[in-house]
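Right, one structure below, let's go through it.
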Amino acid sequence: MDKSEVIQQLEDTATLLALKENSSVFEARAYENAARALGTLNGDIEQLVSEGKLKGTPGLGPTLIKRIEEMVTTGRFSFLEELRASTPAVKIEMLRIPGMGPKRINTIYDQVHVNSIAELEQACKDNKIAVLPGFGKKTQDKILQGIAFMQEHANRFLYSVGEQEAEQIRTALAKLPQIVRLQVAGSLRRRRETVKDIDMVVSVADDAGSDVRNAIMDFFTSQPSVKAITGKGETKASVILSTGIAMDLRVVGDSQFPYTLHHFTGSREHHIPLRRRALSLNMTINDYGLFKVESGKEELVPCKDEKDIYAALGMEYIEPELREDTGEIEAAIHKQLPVLVQESDLRGVIHAHTTWSDGKNSLREMAEACMARGFSYVGITDHSKIAAYAGGLSEDDLRRQGEEIDRLNEEFAGRFRILKGTECDILRDGSLDFSDEALASLDFVIASIHSIFNLPPAEQTQRMIRAISNPYVDIIGHPTGRILLGREGYTLDMEAVIEAAAKHGTCIEINANPLRLDLDWRHLHRARDLGMKIPIGPDAHNLAGLDDMRYGIGVARKGWLRASDVLNTLETEPLLQFFHSRRSQKK
DNA sequence: GCCGTTTTCGGCCCGACTGTTTTCAGTCG
């Protein structure tokens with residue numbers, strides 16, 4: 001068991017301990033602390049255990065050291081297994097309802113004996129929750145709202161989840177020699193932030209028989225991640241995968257592939273004006289082909305790929321990410337589509353955490369991982385002092401972190417640069433959590449809201465705009481604060497926020513964490529048109545988090561951004577110049 | 001479960017909200 005797995009098991013233990021009756025919240029917290037402590041330790045966990053080096057680490061006492069040793073040496077963790085066996089599944093499910101924590105869950109479970117979310121919903125409707133001690137009508141209503149939110153999003157999945165599932169199957173299918181072409185379609189190909197299901201299209205030789213098609217379907221439906229088969233024929237098979245996500249596979253002859261792929265890539269909204277365009281040219285398009293209609297007879301327009309389809313319609317090729325009917329048809333007709341930014345355009349990372357606050361890896365580890373990924377710089381942005389839950393830095397910490405950065409930069413000179421930054425909390429009134437002196441000592445400043453989410457919209461908007469107009473603030477972090485499938489964003493007027501940011505020359509980031517993807521692509525158009533430079537930030541809390549950058553690229557592409565619109569396509573010196581010049585302009 | 005000692009058990013990053021209370025418990029980040 002490697003370090004990240006051990007940390008995960010410790011965190012799971014903390015969750016289950018919190019749900020356990022009569023358990024101390026501090027015991028649960030001890031497991032959280034231990035997970036964090038382990039995260040800050042450098043080196044291979046097996047070696048640390050075998051050499052007895054865990055002893056003396058703050059947060060790891062005799063019990064936890066013994067438990068970590070068990071995990072590392074046996075690959076199992078009996079304490080967690082027992083906890084899992086003794087915790088009703090419904091309690092864990094209830095944790096996902098906003099506003100429900102261990103105390104309320106246990107009260108409800110003990111006194112109303114609910115065994116499912118459905119039973120909890122009924123109990124609320126029967127007014128059985130409001131009468132419990134410490135509960136009331138409003139809490140009951142809030143639980144109902146939370147359940148409704150959960151159900152509304154229950155059949156959707158994060159893009160990242162769909163992507164991983166699809167990639168696994170795509171890799172497996174790609175090994176079949178009978179398959180000529182193979183492509184993910186649907187909302188996943190369009191890089192929507194959440195997806196309902198996975199669509200995949202494969203082609204076989206036009207003269208391939210039933211046996212070839214059936215063999216592919218047999219192979220597909222017998223994949224290890226397939227949990228249930230809901231339909232299976234020669235041209236289409238439908239399954240449910242282990243994560244619960246549904247998947248359709250379609251098999252077509254290779255000459256039909258472009259039309260089918262295009263059809264199942266969508267979106268429906270994109271296809272409506274596209275069909276209108278086809279009709280205006282006496283053509284018609286469906287999943288079987290593009291046809292020229294003359295005197296009532298249809299004649300296929302041969303297309304070897306999607307580019308040919310758009311070309312036949314007198315249009316530039318439209319990238320899948322843009323197929324949402326937000327002006328792409330018109331732009332393609334007039335050959336005005338942007339060249340979209342790509343992952344390879346990125347030169348560095350802006351927005352990453354380290355063990356100085358709630359990150360799992362050290363400054364050095366984060367910097368070296370960025371170097372290994374070919375980046376020229378990383379902007380380190382640990383939390384500010386009020387974010388105590390995340391180990392926020394005091395101004396003195398910030399200064400000492402700066403000294404460590406100076407030392408590392410000396411070592412990396414000429415190869416790589418660590419930029420001094422912060423993710424500074426925006427306080428209730430829109431002021432910042434660090435003094436101007438502290439902020440002035442940094443290369444750049446990200447300001448984010450992490451508390452007081454539901455001020456009245458006008459007040460929340462003013463709070464954000466005040467932060468935007470602060471001369472030291474370069475970037476607003478995760479501007480809506482939404483958690484995909486989990487929580488709505490802050491109550492603020494995003495249009496007004498974007499305009500204020502553009503006016504003050506303040507950037508708004510695309511937070512590339514797959515749970516956030518915030519700023520939303522629907523707002524990017526506007527920001528770009530106002531001339532804003534958009535940083536793509538992974539908000540990385542560990543090394544793996546650095547790879548989330550690609551999700552941010554997906555959002556940027558959906559928002560029509562070119563490489564020149566993205567801040568961190570700049571090399572180190574121009575970027576520092578950008579921060580420097582805008583700061584002196586604003587003051 | 002860990003820590004720091006006022007060495008043997010009480011406190012445990014913190015600030016703010018909401019909804020329940022009528023001074024506070026629970027949740028969140």
Side-chain angles (χ1 to χ4, degrees), chain A residues 10-11 13-20 22-38 40 54-68 70 77 79-80 83 94-108 129-146 353 355-358 382-394 397 423-429 431 433 448-456 459-460 463 477-478 480-483 486-491 511 513 515-516 518 539 541:
Chain A
L10 290 172
E11 284 171 351
T13 306
T15 305
L16 293 183
L17 273 174
L19 284 173
K20 197 175 151 188
N22 306 321
S23 71
S24 143
V25 292
F26 298 108
E27 187 183 347
R29 194 171 297 169
Y31 280 84
E32 282 170 23
N33 290 339
R36 201 163 35 232
L38 219 49
T40 66
L54 292 178
K55 202 162 170 255
T57 306
L60 300 183
T63 308
L64 271 156
I65 288 180
K66 215 188 294 164
R67 304 217 139 132
I68 292 167
E70 181 196 343
F77 186 20
F79 184 61
L80 176 58
L83 272 175
M94 279 196 271
L95 262 184
R96 285 175 43 218
I97 302 174
M100 290 282 268
K103 291 284 163 59
R104 286 184 184 145
I105 288 171
N106 279 326
T107 305
I108 291 175
I129 304 298
V131 298
L132 294 173
F135 288 73
K137 182 88 177 68
K138 285 196 175 172
T139 307
Q140 182 171 275
D141 287 346
K142 225 179 128 195
I143 293 171
L144 274 176
Q145 274 172 26
H353 297 267
T355 48
W356 277 86
S357 67
D358 59 348
D382 277 307
H383 289 281
S384 59
K385 59 179 183 279
I386 200 171
Y389 60 88
L393 277 64
S394 67
D397 292 333
E423 184 180 11
C424 186
D425 260 61
I426 300 173
L427 305 180
R428 187 194 183 111
D429 63 355
S431 63
D433 189 30
S448 305
I449 287 180
H450 289 114
S451 63
I452 323 176
F453 292 170
N454 48 356
L455 286 176
E459 220 173 303
Q460 192 73 288
R463 175 190 188 191
H478 46 72
T480 79
R482 73 176 180 189
I483 299 294
R487 177 182 82 200
E488 305 285 358
Y490 321 131
T491 51
N511 190 295
N513 183 316
L515 278 162
R516 293 188 182 270
D518 176 19
D539 201 353
H541 284 75

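A note on names: the letters A, B, ... follow the listed sequences, proteins ahead of strands, and every chain is numbered from 1.
In this structure, A:Arg482 places its CZ atom 19 Å from C1' of B:dG29, rounding to the nearest Å. Computed from coordinates, the A:Leu38 CG to B:dG1 P distance equals 17 Å when rounded to whole Å. B:dG4 atom P lies 13 Å from atom CG of A:Leu60, rounded to whole Å. Look at CD1 on A:Ile143: it is 17 Å from P on B:dT18, rounded to the nearest Å.
B:dT21 and B:dG26: their P atoms are spaced 12 Å apart (whole Å). Rounded to the nearest Å, the gap between the P atom of B:dG1 and that of B:dT6 is 26 Å. Distance check on atom P: B:dG19 versus B:dC13 gives 28 Å, rounded to whole Å. B:dC2 and B:dT8 have their C1' atoms separated by 14 Å, with the value rounded to a whole Å. Rounded to the nearest Å, the gap between the C1' atom of B:dG10 and that of B:dG15 is 23 Å. B:dG11 sits 16 Å from B:dT7 when the C1' atoms are compared, rounded to a whole Å. Using C1' as the reference atom, B:dT5 and B:dC12 are 14 Å apart when rounded to the nearest Å.
Taking the side chain of A:Ala388 as heavy atoms from C-beta on, and the options B:dC13, B:dG19, B:dG26, the nearest nucleotide is B:dC13. Proximity note for A:Leu64 (side chain, C-beta onward) versus B:dC2, B:dC3, B:dG29: the nearest is B:dC2. The A:Phe26 side chain lies nearest to B:dC12 when the options are B:dC14, B:dT27, B:dC12.
Within the nucleic acid shown, A:Thr63 comes within 4.0 Å of sugar-phosphate atoms alone, with no base atom in reach, counting heavy atoms only. Using a 4.0 Å heavy-atom distance criterion, A:Pro62 is classed as a sugar-phosphate-only contact. Within the nucleic acid shown, A:Asn454 comes within 4.0 Å of sugar-phosphate atoms alone, with no base atom in reach, counting heavy atoms only. Among the atoms of the strands shown, none is found under 4.0 Å from any heavy atom of A:Thr13.
When all heavy atoms are compared, the tightest approach of A:Asp433 to A:Cys424 is N-SG, 3.4 Å.
Pair assignment for B:dA25 gives B:dT18, based on Watson-Crick or G-U wobble hydrogen-bonding distances that are each under 3.5 Å.
Regarding contacts with the backbone of B:dC13, every side-chain N or O of A:Arg36 stays at 4.0 angstrom or more from both OP1 and OP2.
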